[in-house]
Number of protein chains: 2
Amino acid sequence: MKYIDKLRNSGLRPTKQRLQICKVLFDTEKTFHFTINELEHKIKEKIDNKISLATVYNTVHAFEKKGYLKQIPINSNQTYFDTNVTDHHHFYDLNDQRLIDLENSDVGPINIKKKINGKRIKSVEVLVKLED
Amino acid sequence: MKYIDKLRNSGLRPTKQRLQICKVLFDTEKTFHFTINELEHKIKEKIDNKISLATVYNTVHAFEKKGYLKQIPINSNQTYFDTNVTDHHHFYDLNDQRLIDLENSDVGPINIKKKINGKRIKSVEVLVKLED
DNA sequence: ATTGTTAGTTATAATTATTATAAACTAATT
DNA sequence: AATTAGTTTATAATAATTATAACTAACAAT
Ligand SMILES: [Mn+2]
Ligand SMILES: [Mn+2]
Ligand SMILES: [Zn+2]
Ligand SMILES: [Zn+2]
């Protein structure tokens, strides 16, 4: 019911596929960082019926547009998404190619002193690259 | 001569193509942020002979490996590169899709309090997204 | 419930950035 | 000059993503 309302309230029809993808994405306490490819595999594991790749793409983009997912800037051949849509910082493990959330309290306050005329700051995010 | 030595010293042959690309990339005081596509256009403007796309890719990757260029993590369909290879922060103008360097003095020191066992910090970079 | 309307799903094709291939060429070395 | 290894190039292959269009499911109105 939770996801049915969530989808209806944002003008998205609660289809079987979307509800199943919701479960995979949001039925967990931990932040989930993923590529479409990884999400597809997780769906196959957890769900018995098939969801087409096009639907996975469509759903992820629909959810992103509605603010339930955000894209994470990482240089990879695939796009990374995040179920944590707040502004937040990341560790990126270069060896494992894994993203890990940093709490805002893990990073001191960041003071941007420079200003650009006519532009305002939308977000400030830190990427901390890790290696062994 | 400048670039001939630079290339020779890093074990790259100073070919006509590489020297011309060097001029486009490094003959400027300002940091140059670019995609392969943008670089290709700039080459066509500034150079009369033709350089094949494969060579542009090869050269950019060779220069990146030698530490003359670095990749910038930005969500785009194309990969961004930077002639400023030091660890530094960026403004990213979401409207113009343009990267602008921040001086380290424009951002106060950043204190990462969390640690991951067995991993060490390789870089800490801030991305400040701007909009109108 | 039946119907019509609209949104969503799907298989598949198209697109596009990037990488691989292999032959031709060029710079460096002997 | 001849040899060698590195580089360039046109072109093909790859792979992530997006577009297409027929089919299907959700929903509102009757
Ligand atoms: Mn990319
Ligand atoms: Mn990217
Ligand atoms: Zn995150
Ligand atoms: Zn820069």
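Below, chains carry the letters A, B, ... as their sequence lines are ordered, and counting in each starts from 1. Values reported hereafter were calculated over all heavy atoms of this structure, with side chains retained and with hydrogens, waters and symmetry mates removed. Note that the coordinates shown come from a computational prediction; the quantities given were computed from them, not determined experimentally.
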> Side-chain N or O of Tyr57(B) less than 4.0 angstrom from OP1 or OP2 on dT18(C)?
Replying inline: yes

From the candidates dA25(D), dA20(C), dT9(C), the one with an atom nearest any side-chain atom of Asn58(A) is dT9(C)

Q | Lys50(A) side-chain N/O to dT9(C) phosphate OP1/OP2 under 4.0 Å | A | no

Nearest-nucleotide check on DNA chain C, Tyr80(B) vs Thr55(A); residue mapping nearer the 5' end is Thr55(A)

Closest to the side chain of Arg13(A), out of dA26(D), dT9(D), dA16(D), is dA26(D)

Among dT8(D), dA16(D), dA19(D), the one nearest any side-chain atom of Ala54(A) is dA19(D)

Worksheet item: Cation over ring, Lys114(A) on Phe91(B), under 6.0 Å and within 45°?
Response: no

On DNA chain D, more 5' by nearest nucleotide between Leu53(B) and Gly11(B) is Gly11(B)

Checklist line | Whether Thr59(B) side chain and Val56(B) backbone form a donor-acceptor pair below 3.5 Å | finding: no

- Query: Considering only heavy atoms and no angle criterion, is a donor-acceptor pair shorter than 3.5 Å present between the side chain of Arg18(B) and the base of dT7(D)?
  - Reply: no

List, one per line, each side-chain donor-acceptor pair under 3.5 Å for residues 37-44 of chain B, sequence neighbours excluded.
residue, atom, partner, partner atom, Å
Glu38(B), OE1, Thr35(B), N, 3.2

Any side-chain N or O of His61(B) less than 4.0 Å from the OP1 or OP2 oxygen of dT19(C)?
-> yes

Regarding the side chain of Ser52(B), the nearest nucleotide among dT18(C), dA10(D), dT9(C) is dA10(D)

Walking DNA chain C from its 5' end, the first of Thr15(B) and Ile36(B) to be reached, judged by nearest nucleotide, is Ile36(B)

With sequence neighbours left out, the residues meeting salt bridge (Lys or Arg N to Asp or Glu O under 4.0 Å) with Asp132(B) are Lys119(A)

task = Output yes when at least one side-chain N/O atom of Gln17(B) is less than 4.0 Å from OP1 or OP2 of dT9(D), else no.
result = yes

